[in-house]
Amino acid sequence: MTGNNPIIRLENLGMRFDNIMVLEELNLDIHNGEFITLLGPSGCGKTTLLRLIAGFESPTSGTVSIDGRIMNDVPPNQRRVNTVFQSYALFPHMSVSNNLAFGLRMAGIAKRERDQRVREALAMVDLPDMGDRMPANLSGGQQQRVAIARAVINNPKALLLDEPLSALDAKLRKRMQVQLKHLCRKLGITFVFVTHDQQEAFAMSDRVVVLDNGRIEQVGTPEEIYEEPVNLKVARFVGETCILDGSAHHWSDGILHAIVEGQPCQLKTRRSFGSHESIRVVLRPEDMVIVPEDDIASTHQPRLPGTVNETVYKGSTWDMVVDLDCGKQILITEFFNEDEDRICHKTGDRVIVSWFEGWEVVLPHEHA
Amino acid sequence: MSQIRNTWRLLPVYIFLYTPMAALVAFSFNNSKFSTAWKGFTWQWYARLASNTQLMDAAINSLTIAILSATIATVLGVLLAVALFRYRFCGRRAVQAGLFVVMMSPDIVLGISLLLLFVLMGIRPGFLPLLTAHTTFCLPFVVATVYSRLKGFDPHVIEAAEDLGASEYQAFKNVILPMIMPAVAAGWLLSFTLSMDDVIISFFMTGPDYEVLPLQIYSMVKMGVKPDVNALSTIMIGVTVCLVFVSQLLMRKTK
């Protein structure tokens with residue numbers, strides 16, 4: 001297998017249902033063996049995209065190629081990809097073993113090899129003694145694992161997972177996330193995972209594709225998406241944000257001199273901005289620094305005065321909601337530091353808010 | 001305790017429903033030809049029934065028609081229900097509406113229209129028109145039963161079968177059919193019963209050389225209710241009870 005050729009390639013893919021645009025001009029290469037997540041709010045077209053790859057829908061325009069072959073007219077039963085459905089979709093009238101063996105039986109594989117592979121697959125998902133059970137007699141998590149085993153047993157080129165964890169409780173979900181990640185690495189199969197849960201996407205993926213309104217907003221590693229969102233939509237979608245307004249002054253060598261919320265400051269950004277261009281500074285709650293009003297440490301960073309509105313103890317962090325004097329309300333997350341004797345701010349305290357130098361993301365002003 | 005009380009409360013309903021049938025069963029054992037008074041127990045009406053070849057022929061004809069039409073209607077109905085469920089094709093709604101029309105239209109209208117059709121085609125009343133007619137009026141009931149079962153499924157189960165490499169036919173045989181089997185059986189039994197007790201449509205379809213049981217009974221009753229009709233009806237009640245029992249069992253077994 002040549003490493004550079006994508007296992008799945010989507011070119012100019014478009015999809016309409018009854019003249020409503022669901023996907024538009026979509027281009028994406030999915031590489032062999034990677035764990036890629038399609039992330040987006042409900043209705044953004046991510047499930048449709050998965051169904052196009054699986055072959056349950058055919059695109060109105062563009063092409064889907066799997067392993068270098070154009071697949072537009074190939075029915076799902078002839079595509080070497082398998083799907084794990086959100087509802088698991090196990091065959092209720094078949095035992096777990098027969099569910100697993102179904103794909104192999106359809107491929108005409110002899111019974112002895114079938115039995116052997118079913119045993120291996122059951123062991124792989126940690127259900128060695130469950131072969132004779134009926135799906136209805138399994139717990140949600142077990143059904144989930146049967147569904148994964150049933151898909152993986154066929155050695156697909158890619159495994160397509162449609163929000164497979166959404167029906168599980170939080171604890172089981174976390175455990176399955178880790179297991180799926182392990183499985184992807186162990187089997188070397190490409191995983192295409194669909195979710196609307198940003199944390200889930202970040203926890204598991206090599207790359208994340210952020211979709212909105214049928215378009216790809218950004219493709220990148222979880223770090224890139226979180227730390228360098230390309231626009232406000234992505235920034236807002238992948239976590240809490242504090243967004244400050246400002247205007248650019250002049251840009252040189254990655255340093256932008258600007259006025260943010262009335263304070264002159266220097267921002268780090270690779271994008272260049274013209275002078276007097278409106279900008280937005282995107283910060284994460286954990287990027288923020290909060291000090292008492294009478295603190296007079298010298299810093300280049302802007303100092304935004306405000307009043308603590310609410311504090312929330314979260315165990316490993318303190319969350320604070322601060323009303324800035326400029327009228328904005330922002331969320332700040334402070335991590336506990338055993339060595340440092342931090343002053344705990346109380347509701348009503350006057351504070352100065354700033355952020356760690358260079359942690360900001362500067363975006364052009366847009367009405368999003 | 002309260003369950004027993006509830007049963008007692010329902011007693012009037014049961015009496016209302018079953019008294020006529022109970023009377024019929026009782027009189028089929030009454031040793032009197034005309035009287036409605038009890039003259040002692042006898043099997044003789046059943047014995048006489050067995051020697052009535054005309055009636056027996058009609059019974060065999062009825063069974064043949066019921067089994068054949070139920071089977072044909074079930075096969076066609078299952079295919080139609082699956083097609084309506086799985087595919088979005090032009091005229092799908094029209095087919096659905098058409099089935100309802102057949103289901104709801106009065107038997108007499110259906111009977112006359114079928115008669116007219118066969119007369120126009122130059123086919124004489126008898127076995128073939130009867131079979132066709134019975135299949136026609138059973139079909140919508142099979143489709144309705146099977147379709148409602150299909151609608152209760154997770155549609156992804158069928159997609160999963162295709163995803164795992166099953167062709168249309170394999171998916172139908174290995175996944176869809178086993179899952180709808182209880183509904184298929186129920187549809188068959190329903191068709192069988194409908195065909196067995198149909199009088200009105202059969203009236204237009206039968207000729208002198210092919211009589212069916214309900215019509216035979218009808219013509220016997222015209223000359224007064226004879227005890228052997230009671231005996232025959234009792235047997236039919238027995239068969240019906242068995243069928244209902246079996247169908248209930250089938251439905252319960254697979255949820």
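Keep in mind that what you see is a predicted model, and the values were worked out from it rather than measured. No hydrogens, no waters, no symmetry mates; every other heavy atom, side chains included, goes into these values. Sequence lines set the chain letters: A, B, ... in the order given, protein chains first and strands last, and positions in each chain run from 1.
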Peer 1: When rounded to the nearest 0.5 angstrom, what distance separates NE2 in B:H156 from CG in A:L90?
Peer 2: 13.0 Å
Peer 1: Under 3.5 Å, is there a donor on one side chain and an acceptor on the other for A:N77 and B:S167?
Peer 2: no
Peer 1: Are A:P75 and B:E162 side-chain neighbours, meaning at least one heavy-atom pair lies under 4.5 Å?
Peer 2: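 Heavy-atom side-chain distance check fails, nothing below 4.5 Å.
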Peer 1: Quick one: what part of B:A161 sits under 4.5 Å from any heavy atom of chain A, side chain, backbone, both or neither?
Peer 2: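 For B:A161, heavy atoms of backbone and side chain both lie under 4.5 Å from chain A.
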Peer 1: Please evaluate residues A:F102 and B:V175 with respect to the criterion side-chain contact (heavy atoms from CB on, under 4.5 Å), reporting the C-alpha separation (whole Å), side-chain torsions for both, the decisive distance (0.1 Å), and the verdict.
Peer 2: CA-CA 10 Å; A:F102 189 84; B:V175 176; 3.8 Å; yes
Peer 1: If we ignore hydrogens and angles and just use 3.5 Å, is the side chain of A:N82 paired with the main-chain N or O of B:D163 as donor and acceptor?
Peer 2: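 Judged by distance alone, yes, a pair lies under 3.5 Å.
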Peer 1: Contact between B:M181 and A:H93 at the side-chain level, heavy atoms closer than 4.5 Å - yes or no?
Peer 2: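 No; the side chains remain at least 4.5 Å from each other.
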Peer 1: Do the side chains of B:N174 and A:F91 get nearer than 4.5 Å, heavy atoms only?
Peer 2: no
Peer 1: Are there over 12 heavy-atom neighbours, none belonging to B:F89, within less than 6.0 Å of that residue's CZ?
Peer 2: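 Count over threshold, so yes.
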Peer 1: Which one of A:Q78, A:R79, A:R150 has the most heavy-atom pairs closer than 4.5 Å to chain B?
Peer 2: A:R150
Peer 1: If you count heavy-atom pairs under 4.5 Å with chain A, which of B:E159, B:M179, B:E168 comes out on top?
Peer 2: B:E159
Peer 1: Starting from the C-alpha separation in whole Å, work towards a yes-or-no answer on side-chain contact (heavy atoms from CB on, under 4.5 Å) for A:R105 and B:L164.
Peer 2: CA-CA 9 Å; A:R105 218 172 82 207; B:L164 292 166; over 6 Å; no
Peer 1: Looking at A:A89 and B:A160, what are the two nearest heavy atoms and their distance?
Peer 2: O-CB, 3.8 Å
Peer 1: So for atom CZ, which belongs to B:F85, do other residues, nucleotides or ligands contribute more than 12 heavy atoms lying within a distance under 6.0 Å?
Peer 2: yes
Peer 1: Do other residues, nucleotides or ligands put more than 12 heavy atoms under 6.0 Å from B:L79 CG?
Peer 2: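 Count over threshold, so yes.
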Peer 1: Does atom CG (A:D169) have a neighbourhood of more than 12 heavy atoms from anything else shown, all under 6.0 Å?
Peer 2: yes
Peer 1: Count the heavy atoms belonging to other residues, nucleotides or ligands that lie under 6.0 Å from CZ of A:R175, then report whether that count exceeds 12.
Peer 2: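 Check fails, neighbour count at 12 or below.
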Peer 1: Would one find more than 12 heavy atoms of other residues, nucleotides or ligands at under 6.0 Å from atom CZ of B:F100?
Peer 2: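 Atom CZ in B:F100 is not packed in, count stays at 12 or less.
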